[in-house]
Asker: 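Okay, handing you the structure first.
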Amino acid sequence: MDREQRILPVIFVSSSASLAFEVLLTRIYSISVSYHFAAMIVSIAMLGLAASGALLSLFPGLRNPGNIGKYAMALGIAIPASFLLVNHFPFDPVRLSWEKTEVLRIGFHYLVLAVPFLCTGLIIATAFAARSSQSGLIYGADLLGAGVGSVGILVLTSLTSPERGIYLLSAIVLAAACILITAPLRTAALVLSLCALTLFQLQPEFGRLRISPYKGLEAALRYPGATPIRSYYSPSARVDTFRSPAARFAPGLSLKYMEPLPKQTGIAVDGGNISGVTDVSDPARLAFLSFLPAALPYEAGIRGRVLVLDPNGGLHLLLAHRYVAGEVIGIESTPLLAKVMRELTAASPDNRRFILLTGTGRSWLMGGKETFDLIDIPLQGASPSAAFGMAEEYRLTVEAFREYLSHLRPGGALCINLFLLPPPRIELRILATAATALEEMGVRDASRHIAVVRSWGSVTILVKRFPLSGSEIERIRRFARERWFDLASLPGLTPEESNVFVKLPSDGYYRACAAVLTPGQREVFMDRYLFDIGPVRDDAPFFNHFLRLGNIRETYRVMGGKWQFFLEEGYLFPAILLQALVLSALLILVPALAGARDEERGASGEAATGSSDATRSGRADLRARRFLPYFALIGVGFMFAEIFLIQKLILPLGNATYALAAVLASLLAGSGAGSLLSQRHAKLRSPLTLAVIALLIILYGLLLPMAPAILTTLTPAVRFAVVFIALLPLGLPMGVPFPVGMRLLGERDPSLIPWAWVINGSFSVLAPVMALMLALATGFGTVAYLAAGAYFLAFIILSGIRS
């Protein structure tokens, strides 16, 4: 194998390791700080890749293909070194409230973590600059490597922690670098690879992940007598079990209950979202279950077959057993949490009384004709916290509520339990969503179908497909009165009957619920309300996004003058977008300045020699530069299509991690194969390929809404395989445009290749954030059409440059 051929496996391994490292970093930040910062990792990765093009433009000597092995060795060193540095000097967004210097730490993380991706970019961009005629092979190796990395990282994170996985990636890259580097460096690389494997095996204390002291797990472990028990890992979650006085899980427990609670084993998901598994060895201590607001549907007389969606620590499963003699089924969307639950309850006599499945409850319901007397959705952890506004939530859309209600037996009910987080917004959006779903199913007066009970710390909402009966209404009144709970909504409820036991300064809950459930008042009330509490739908499932741009100043005042609310609402995204815009503009400007410098030198040389080719050269250079927007368009088009496909497949695949893995694996593998084919078959390099991609994106956009009805009837493994195969026809042509553009630049002006690399990388940074913000405003359907539009514009540019 000659040197040119040996470059391809190094590109393959480097690309695979870089994508895997990016995924590991998103998991590390989700655990140590917050998943709010996962988008920051994507931005860092793409900017690091783009920066390599700027560096190659400034220093043309770096384009020597003999450096590729050295860049790979640098990548193998930078992967663990960057993690160890940022782990040793962590940043915490909570500290920003009193330590403004924390911003400097964020900048430090950006710079340090960009280095590995810079090294990867140097490897690939150098290969393109030196071997542009083989762009199809280079891009194919890049994408196939990334595809393997997207699947391989799922296996790795199923077996070990994210921080340990970093050392294994380092060892693999260092071993691959030996293919290209000379003997002295090869020895050093092998020694370093063995060191990385040693760290992977030993996991020394200095490499253990440091979790923010303000996250739930760390706070709980600081209590006297608190002890950690065990940590579990999966591709989508880390689950910790522990003993602590903080693991006291009885949301909204009546102030009338004065007895001690049973022992509970704490469970933390990704360092937060704490719940508890209750010890059932002493049945007398389970009396507290009847004093929870969540007992509302059972006290109202609803018994029979029960479905609990996302039971977490299983409290609602125990509650169902206390009241119900029928079948109880729990469906947990975090498979690892279900596994831990089974382990902790294996010896419990109550373990045999319920069935615990894994998957997304809504998807499971769509795949069958099961009916229930009660569908219970607990939206609570041990401590209240707001959810991320830009995170999709397909459980709480209008379409989801219609699905739940259609699976209720006559007289059955849907129950939602959540923490009280003033000012009211989450509960009001749930009411608006439930009312809209009922009205779309033919109900005229939703207020006759809904009851709302409020305790000191939680809210329980009961929704029935048929009106609440007189006996049910009377039982609900008695339950609230005997447990010292307040009624916020109930057919026939008067203002005097609300805000009685847990008094608030004003009875805003009663008035707000009444307005939302009255069709003539709802729209006016929602338009005038401080927050956006309108119902959400599947095309824009951002249930937890409540902020109105026009009310930012008043919202800041109402939320106590604290910026954390805006972070939770997803307004980290505009900050990331602005930051990415500035950095991308600077990176794109660097090659332009470097090109201007080279032109001045070239013009001086031509003037000295009297060259007659100057005019023709300038025209050719200008024509090639007009081709550069093509790389921006295909970068935006690819990322927009990818984001759209991932979002639309979350529901049918039942898990965001599976959707991400299926889309990345199929698109990257397909695109890699398409790139390799384009190297051999010239017809694939036609501009028509771009038009075909645009049409296929539109076609997938029209067909994907039908996917849930088809896929939810299949097993998870079959669903994954079907999605992988179904997306290949789109992935294959999507791998052609980039190497075609690089090949064309190599023929006309090779010096522009690093600039094209910067442009493509920079717009790939901006595209994911822009896609989510567009989806928030107009829905994911618009994102798909814009992706098709970007490819069509690229088709026009390529057709023009070739004419």
Side-chain angles (χ1 to χ4, degrees), residues 7 10-26 40-86 106-130 138-139 141-142 145-146 149 166 169-170 172-174 176-177 180-181 189 192 576 579-580 582-591 593-594 631 635 753-766:
I7 288 174
V10 173
I11 291 173
F12 178 91
V13 172
S14 300
S15 181
S16 180
S18 292
L19 190 137
F21 181 55
E22 183 179 344
V23 174
L24 290 179
L25 285 177
T26 61
M40 184 181 82
I41 301 302
V42 177
S43 176
I44 289 171
M46 298 308 297
L47 284 170
L49 291 169
S52 64
L55 198 61
L56 293 177
S57 295
L58 280 175
F59 306 102
L62 295 176
R63 300 177 201 171
N64 181 354
N67 292 332
I68 291 178
K70 298 173 185 176
Y71 298 150
M73 185 175 174
L75 172 63
I77 297 170
I79 286 175
S82 60
F83 162 69
L84 290 171
L85 275 171
V86 297
I106 296 175
F108 173 75
H109 280 229
Y110 252 87
L111 292 174
V112 170
L113 293 176
V115 173
F117 301 103
L118 173 68
C119 295
T120 303
L122 287 172
I123 293 167
I124 302 169
T126 299
F128 274 123
I138 295 168
Y139 197 54
D142 175 24
I166 283 175
L169 293 181
S170 172
I172 293 170
V173 174
L174 287 166
L180 293 176
I181 54 181
L192 290 171
I576 290 174
Q579 166 193 270
V582 173
L583 292 175
S584 295
L586 292 173
L587 289 174
I588 292 171
L589 188 62
V590 168
L593 295 174
F631 293 93
I753 287 177
W755 198 359
W757 177 263
V758 173
I759 290 172
N760 182 262
S762 296
F763 277 85
S764 296
V765 173
L766 301 172

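These values consider heavy atoms only, across backbone and side chains, with no hydrogens, waters or symmetry-generated copies. Everything numeric here is computed off the predicted structure, so don't read it as measured data.
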Asker: Output the distance between atom CD1 (Ile753) and atom OG1 (Thr126), rounded to the nearest 0.5 Å.
Answerer: 11.0 Å
Asker: Output the distance between atom CG (Leu25) and atom CD1 (Ile166), rounded to the nearest 0.5 Å.
Answerer: 5.5 Å
Asker: Is the side chain of Arg63 donor-acceptor paired with the backbone N or O of Ala130 at a distance under 3.5 Å, no angle test?
Answerer: no
Asker: Between Met73 and Leu174, what is the shortest heavy-atom contact and its length?
Answerer: O-CD2, 3.7 Å
Asker: Looking at Ser82 and Ile79, would you say the former's side chain and the latter's main chain have a donor-acceptor pair under 3.5 Å?
Answerer: yes
Asker: To the closest 0.5 Å, what do you measure between OG (Ser14) and CD1 (Ile7)?
Answerer: 11.5 Å
Asker: Begin with the C-alpha distance, continue with both residues' side-chain angles, and end with the deciding distance and a verdict on side-chain contact (heavy atoms from CB on, under 4.5 Å) for Leu62 and Leu55.
Answerer: CA-CA 8 Å; Leu62 295 176; Leu55 198 61; 3.8 Å; yes
Asker: Roughly how far apart are Leu113 CG and Ile44 CD1, rounded to 0.5 Å?
Answerer: 5.0 Å
Asker: Can you measure from CG (Asn67) to CD1 (Ile123) and round to the nearest 0.5 angstrom?
Answerer: 11.0 Å
Asker: Ser16: what forms a side chain to side chain donor-acceptor pair (under 3.5 Å) with it, not counting sequence neighbours?
Answerer: none
Asker: Grab the two heavy atoms, one from Ser762 and one from Leu587, that are nearest each other, plus how far apart they are.
Answerer: OG-CB, 4.4 Å
Asker: Once ring-ring contact (aromatic ring centres under 6.0 Å, His included) is applied, do any residues pair with Phe83, and if so which ones, sequence neighbours excluded?
Answerer: none
Asker: How many angstroms lie between atom CG of Leu589 and atom CH2 of Trp755, to the nearest 0.5 angstrom?
Answerer: 8.5 Å
Asker: Of all heavy-atom pairs between Pro754 and Ser57, which one has the smallest distance, and what is that distance?
Answerer: CB-OG, 3.3 Å
Asker: For the residue pair Leu169 and Phe21, what are the closest heavy atoms and their distance?
Answerer: CD1-N, 3.6 Å
Asker: Going by atom types alone, do Trp757 and Ser52 pair a side-chain donor with an acceptor below 3.5 Å?
Answerer: yes
Asker: For residues Leu118 and Leu47, determine if any side-chain heavy atom of one lies less than 4.5 Å from a side-chain heavy atom of the other.
Answerer: no
Asker: Do the side chain of Ser15 and the main chain of Ile11 share a donor and acceptor less than 3.5 angstrom apart?
Answerer: no
Asker: Would you say the side chain of Ile588 lies within less than 4.5 Å of the side chain of Phe763, judging by non-hydrogen atoms?
Answerer: yes
Asker: Which heavy atom in Val758 sits nearest to a heavy atom in Ala54, and how many Å separate them?
Answerer: CG2-N, 3.1 Å
Asker: Which heavy atom in Ala177 sits nearest to a heavy atom in Gly69, and how many Å separate them?
Answerer: CB-O, 3.9 Å
